[in-house]
Amino acid sequence: MDDGLLAVAEAAKGFMPRQEGLTLYRAGLQAGTVGPLLEIGSYCGKSAVYLGAAARAGGTVLVTVDHHRGSEEHQPGEGYHDRELVDPYTGCLDTLPALRRTLHDAGLDDVVVAVVADSVTAASLCRDRLGMVFLDGSHTPASAIADYEAWMPHLAPGGMLAIHDVFSDPREGGQAPFGIYRRARQRDGFEEVAATGSLRVLRRPSS
Ligand code: SAH
Ligand code: MG
């Protein structure tokens, strides 16, 4: 991946370690031959730089969806709260300005389509056959399942499903992403193509 883009990804606030980001980038390169890339959970754009770089290389786009009000763990008093991301006007978390700065610095404004919306609402408007769905939004069990069920009908045969924060051991982290990972593999026949840190990349069967 381009050194300049890598530097922008590293500088952005967020939760995508470099090695996992590079796995995402490689998966995005393959998925881009199938169709557009989609991400749930833009936050400040860290993972969007890796996927946006892949979309640019493949001549496609990345659609990144977030309501920009933060997940449960980003709210005041919670473990991942960042006071710098609170909008003084609303008093709410607002990560959209940071996302736009990251995309500007990366030169990816023309490749990344930022959608400010709830994930399931955005899914109901999607008419495309996607090459990749990357799930990294809310990690409550109900939200993780809702995201999976809402977006899977839009993933093309042979397309990639990436899931972040997959921990098989409850002592390492919440089990909701692991739950949808198992659903994809065991119920829906996805095959695993890459695993780095807590990132898992699966491929939907071609037929
Ligand atoms: N991918 C990011 C991290 C995402 S953090 C990175 O690389 O750093 C999770 C994000 O999911 C938060 O920004 C939160 O606002 C968003 N989110 C949580 N629930 C959501 C929902 N139901 N719809 C849309 N976005 C949601
Ligand atoms: Mg994550």
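Since we're looking at a predicted model, the values are computed, not measured. One-based numbering, in listed order, for ligands and for the atoms of each. One-based numbering along the sequence shown.
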Does the pair Arg185 and Glu191 meet the rule for a salt bridge (Lys or Arg N to Asp or Glu O under 4.0 Å), with working shown?
CA-CA 6 Å; Arg185 292 208 59 190; Glu191 61 163 331; over 6 Å; no
Checking salt bridge (Lys or Arg N to Asp or Glu O under 4.0 Å) for the pair Glu149/Arg183: CA distance, chi angles, key distance, verdict?
CA-CA 10 Å; Glu149 295 301 333; Arg183 183 174 288 209; 2.7 Å; yes
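A pairwise comparison of heavy atoms in Asp118 and His67 identifies N-CB, 4.3 Å as the closest pair. The shortest heavy-atom contact between Arg204 and Leu155 is NH1-O, 2.8 Å.
Checked by distance only, ligand 1 and Ile40 stay at 3.5 Å or farther apart across all their nitrogen or oxygen atoms. By the 3.5 Å distance cut-off applied to N or O atoms, Asp118 is counted among the residues near ligand 1. Looking at Gly137 next to ligand 1, no N or O pair under 3.5 Å apart turns up. Some N or O of Ser47 is nearer than 3.5 Å to an N or O of ligand 1, by distance alone. The shortest N or O to N or O distance between Asp66 and ligand 1 is below 3.5 Å. Between Gly41 and ligand 1, at least one pair of N/O atoms sits closer than 3.5 Å. Considering backbone and side-chain atoms together, Asp136 places an N or O closer than 3.5 Å to an N or O of ligand 1.
The name of the N, O or S atom in Asp136 nearest to the Mg ion (ligand 2) is OD1. Within Asp165, the N, O or S atom at minimum distance from the Mg ion (ligand 2) carries the name OD2.
Residue-ligand proximity: Ser143 is placed with every non-hydrogen atom at 4.0 Å or more from ligand 1.
For the side-chain hydrogen bond (donor to acceptor under 3.5 Å, both in side chains) with His164, the lone residue among Glu20, Arg200, His139 that qualifies is Glu20.
For atom 20 (C) of ligand 1, the closest heavy atom belonging to the protein is His67 NE2, 3.2 Å. The protein atom (non-hydrogen) at minimum distance from atom 23 (N) of ligand 1 is Ser119 N, 2.9 Å. The single protein non-hydrogen atom nearest to atom 8 (O) of ligand 1 is Phe15 N, 2.8 Å, given as residue, atom name and distance.
Close approach to Ala117 involves these atoms of ligand 1, each under 4.0 Å from a residue heavy atom: 23 (N), 24 (C). Close approach of ligand 1 to His74 (heavy-atom distance below 4.0 Å) involves ligand atoms 5 (S), 12 (C). Counting atoms of ligand 1 from 1 in the listed order, those under 4.0 Å from a heavy atom of Gly14 are 8 (O). Proximity to Ser138 (heavy-atom distance under 4.0 Å) selects the following atoms of ligand 1: 18 (C), 19 (N). Close approach of ligand 1 to Met16 is summarised as follows: ligand atoms under 4.0 Å from at least one heavy atom of the residue are 7 (O).
If you check the side chains of Ser47 and Glu39, you find a donor sitting under 3.5 Å from an acceptor. Between the side chains of Arg203 and Gln30, at least one donor-acceptor pair of N or O atoms lies under 3.5 Å. Side chains of His81 and Glu73: no donor on one and acceptor on the other come within 3.5 Å.
Outside the 6.0 Å centre-distance limit, the rings of Tyr43 and His68 are not counted as a close aromatic pair. Between Tyr80 and Phe15, the ring centre distance stays below 6.0 Å.
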List the atom pairs, donor and acceptor, that lie under 3.5 Å between side-chain atoms in residues 124-131 and the rest of the protein, sequence neighbours left out.
residue: Ser124; atom: OG; partner: Thr121; partner atom: O; Å: 2.6
residue: Arg127; atom: NH1; partner: Ser124; partner atom: O; Å: 3.2
residue: Arg129; atom: NH1; partner: Pro153; partner atom: O; Å: 3.0

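Distances from the Mg ion (ligand 2) show that His164 has an N/O/S atom below 2.8 Å.
With salt bridges taken as basic N to acidic carboxylate O contacts below 4.0 Å, none links Glu10 and Lys46.
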